[in-house]
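See below for the structure under consideration.
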Amino acid sequence: MGKLTSVGEWFIDKSGRKVILRGVNLGGDTKVPYPNGGTQFPTDFSDHKEVSFVGRPFPLSEAHTHFTRLQKWGFNVLRLLTTWEAVEHKGPNEYDNEYLDYLTEITRTAGEYGFYVFIDFHQDVWSRMTGGDGAPAWIFEKIGIDYTKIAKADAALVMQGAYDYSKPGIRQENNYPTMCWSENYRYAANGIMWTLFFGGKDFAHNFMIDGKNVQDYLQDHYLGCMVAVAERVKDFDFVIGFDSLNEPGKGFIGRAMNDRHLKDKEDDPAHPGLAFSPIDALYSSHGHTVDLPYLSLSVMKGGFVPTKTVAVNKNKISIWLPNTPGDPFQLEGAYKITKDDTPFIEKNDFFQVVNGKKIDFDRDYLLPFARRVGERIQSIREDWMVFIEREAVDAFTKPYLNGTVPKNSVNAAHWYDTLTLLFKRFLFPISIDTLTKKFVFGKKGIEDMYVRQLTEIKGTANSVPGQVPSLIGEFGIPFDLKGGKAYKQWKTGNKSPKIWKHHIMALDCMYNAMDRLFLSSTLWNYTASNQNDLMVGDGWNQEDLSIFSLDQIIAGSEPDLYGGGGRAIEGFARPYACYIQGYPKKMNYDLGTKTFLLDWISDANIDEPTVIKIPRFVYPDGVNIELTNSEIFANKKGELSVKGFGGPSSVRIFPK
């Protein structure tokens with residue numbers, strides 16, 4: 001396993017073979033401290049300086065078992081998660097060296113099991129204190145915000161502040177609705193923090209922290225943690241790069257002060273939940289009650305529409321600390337609160353126009369930040385790749401990059417079947433294409449829909465001069481479909497793979513689409529601590545997308561087979577060509593017959609063979625092989641190597 005480079009849309013190995021990367025995100029609980037930091041445990045976050053992330057994604061003593069399982073399933077790459085908080089939770093420039101030592105060893109061990117690795121500094125809706133994960137709590141004090149007041153002031157929707165822990169293990173749709181955490185991007189705390197992180201120089205010009213503009217202060221600390229990790233792993237050739245930043249938020253950037261976004265816009269659909277405008281969020285953050293529309297899904301109207309009105313911050317709690325400068329946007333003259341305590345907008349386009357020029361988030365903020373990431377990590381190792389992340393909705397609806405990307409870039413957009421993800425139901429045999437708002441029918445119709453959507457995302461790479469590779473950084477399905485129906489069946493003694501029927505079908509459609517497009521990808525996710533519990537799942541905000549669970553282990557079972565912890569294994573453990581000696585023309589796997597076909601134009605000038613992963617789960621009794629214009633180069637456990645003679649070549653694999 002040598003170092004990878006890229007040429008155009010392809011990853012390339014040192015022999016010139018095209019490389020397809022298939023792997024997982026490791027892991028879903030890496031967002032929270034170890035061992036008892038999951039959102040299933042109530043907390044007021046007062047221990048934020050003393051927490052530890054040593055043990056995420058799993059203790060070193062368990063590494064062999066987990067890496068062996070992943071290896072036997074056929075994966076060859078890991079998107080290895082860490083967080084800003086994990087490195088710098090103690091305070092500014094106080095790095096957790098014990099954690100850095102641990103993360104280095106986890107990374108080293110992954111390489112010993114044959115995995116490529118790229119490291120993801122993960123975040124969701126800014127931080128644990130604002131309903132997600134990512135940034136350390138001391139950042140709020142530097143900004144002048146009291147993190148203990150954020151949830152109480154409805155400045156964020158936080159599970160630990162909303163969930164009734166006296167009634168564990170159940171959905172609480174009135175308190176903390178399913179998948180509601182993503183709504184936090186529009187709440188006050190996220191709006192403020194993301195705007196300062198990406199646009200502090202433009203929108204809070206006078207806001208300085210320790211002699212730096214707030215934007216530079218925040219980005220420098222984030223990048224400092226990335227560099228600290230990079231210095232530890234720089235000698236590992238199997239580490240191929242770093243994510244820029246997981247699913248970054250825009251904050252208020254690009255929005256009119258009074259825009260509640262109640263209807264779909266071009267390339268920007270309306271979103272579920274409370275319809276905060278920037279002025280609503282900022283005004284309520286100062287301890288004022290605001291009545292807001294709440295948007296819910298209407299299938300008949302093809303999107304999210306207002307269905308009720310909700311009073312926000314009824315307790316009139318301010319999130320701003322006393323004896324601090326205060327709200328930076330108010331100080332910049334964007335708005336004011338009048339003597340009779342009403343908001344008055346001074347500049348409705350404050351977050352849209354800078355120096356008379358209409359701003360563009362990607363061009364003016366996101367891509368300059370990505371270039372900073374590239375400069376910092378490539379100063380340590382020049383050949384590292386930058387896996388560019390965009391705002392999640394933009395990546396799905398605006399498949400182009402408006403600006404200059406770092407060198408060695410990868411389009412690492414995320415993609416989900418939105419309705420399956422939000423409502424935890426795989427809509428079959430009739431589904432809806434959320435891009436076209438049209439119905440699709442049957443397994444083929446769903447798979448074709450996925451191909452159309454992924455083709456659009458892959459097109460992002462084509463918008464870069466010379467093209468760049470694409471790797472779908474996240475995709476996957478909830479395993480608690482239909483209220484955890486499969487878990488109930490398992491608990492009553494039904495251990496048959498049939499309980500995962502819809503999960504397998506959904507994953508098969510997704511991987512079939514990626515095979516048709518020769519896409520690399522990392523599945524979300526593998527969580528070593530996952531449980532069949534609607535409150536717990538992956539240990540974070542009731543998400544449950546892990547292909548592994550402790551509750552699926554049957555004593556004495558092999559780790560990569562049923563009973564070894566895997567869920568819906570047929571859906572993701574499947575053959576694919578990981579190295580291709582030439583140019584691929586067709587890759588297809590039929591789950592029903594377990595027949596794999598690869599057609600490629602073989603290049604006789606490439607010395608190394610085409611390599612196909614053949615997990616023993618799929619072919620426990622071995623395989624039959626049919627070849628055209630090629631020969632078997634090697635046939636070892638879990639892999640088949642085939643050398644083409646030059647020109648059209650093919651290999652067909654099916655069970656004995």
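By convention here, the first residue in the shown sequence is residue 1.
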Take atom [atom1] of [X] as the centre, draw a 6.0 Å sphere, and report whether it contains more than 12 heavy atoms from other residues, nucleotides or ligands.
X	atom1	answer
Glu105	CD	yes
His261	NE2	yes
Glu94	CD	yes

Taking the side chain as C-beta and beyond, is there a heavy-atom pair between [X] and [Y] under 4.5 Å?
X	Y	value
Arg232	Leu103	no
Ile209	Ile143	yes
Leu401	Asn411	no
Phe121	Thr82	yes
Arg56	Asp29	yes
Leu70	Leu78	yes
Ile119	Val229	yes
Thr522	Glu474	no

Under 3.5 Å, is there a donor-acceptor pair between the side chain of [X] and the main chain of [Y]?
X	Y	answer
Asp280	Ser277	yes
Asp327	Gln330	yes
Ser546	Ser549	no
Asp544	Leu534	no
Gln531	Leu550	no
Tyr187	Leu274	no
Arg22	Leu519	yes
Asp120	Asp243	no
Asp268	Thr397	no
Ser520	Leu471	no

With no hydrogens and no angle check, do the side chains of [X] and [Y] hold a donor and an acceptor under 3.5 Å apart?
X	Y	result
Asp96	His89	yes
Asp360	Asn402	yes
Ser284	Asn313	no
His271	Tyr185	no

Out of curiosity, [X] [atom1] to [Y] [atom2], how far, rounded to the nearest 0.5 Å?
X	Y	atom1	atom2	result
Phe304	Leu297	CZ	CG	5.0 Å
Asp220	Cys225	CG	SG	11.0 Å
Gln160	Gln40	CD	CD	9.0 Å
Asn525	Leu81	CG	CG	8.5 Å
Leu26	Phe75	CG	CZ	11.0 Å

Query raised in the report: Does the pair Val117 and Phe236 meet the rule for a side chain to side chain contact (heavy atoms under 4.5 Å, CB included), with working shown?
Result: CA-CA 9 Å; Val117 173; Phe236 301 154; over 6 Å; no

What is the minimum heavy-atom distance between [X] and [Y], and which atoms define it?
X	Y	value
Gly249	Phe361	O-CZ, 3.8 Å
Phe572	Arg567	CE2-O, 3.1 Å
Ala281	Ala188	O-CB, 3.4 Å
Thr195	Phe203	CG2-CD1, 4.0 Å
Gly131	Asn184	CA-ND2, 3.9 Å
Val158	Tyr176	C-CE1, 4.0 Å

Ring centre gap for [X] and [Y] strictly below 6.0 Å:
X	Y	result
Tyr365	Phe198	no
Phe329	Tyr335	no
His221	Trp138	yes
Tyr34	Tyr99	no
His48	Tyr147	yes
Tyr165	Tyr163	yes

Under-4.0 Å salt bridge between [X] and [Y]:
X	Y	result
Glu183	Arg186	no
Arg381	Asp383	yes
Arg108	Asp235	no
Lys31	Asp538	no
Lys398	Asp362	no
Asp216	Lys201	yes
Lys149	Asp146	yes
Arg79	Glu389	yes

Query raised in the report: Under the side chain to side chain contact (heavy atoms under 4.5 Å, CB included) criterion, do Thr130 and Phe140 qualify, and how do the steps go?
Result: CA-CA 10 Å; Thr130 54; Phe140 293 109; 3.6 Å; yes

**Report entry** Worked verdict on Met226 versus Ile377 for side chain to side chain contact (heavy atoms under 4.5 Å, CB included)
**Finding:** CA-CA 8 Å; Met226 186 177 289; Ile377 66 167; 3.6 Å; yes

Give me the ring orientation class for [X] and [Y]: parallel if the planes are under 30° apart, tilted from 30 to 60°, perpendicular past 60°.
X	Y	result
Phe197	Trp84	tilted
Tyr283	His288	parallel
Phe58	His66	parallel

Query raised in the report: What do the steps show when you test Leu292 against Val310 for side chain to side chain contact (heavy atoms under 4.5 Å, CB included), and what is the final call?
Result: CA-CA 5 Å; Leu292 293 180; Val310 175; 5.5 Å; no

Query raised in the report: Partners of Phe475 by ring-ring contact (aromatic ring centres under 6.0 Å, His included), sequence neighbours excluded?
Result: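 With neighbours one apart ignored, the set is Tyr511.
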
Query raised in the report: Can you tell which of Gln542, Gln172, Glu543, Glu173 makes a side chain to side chain donor-acceptor pair (under 3.5 Å) with Thr178?
Result: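 Only match with Thr178 under side chain to side chain donor-acceptor pair (under 3.5 Å): Glu173.
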
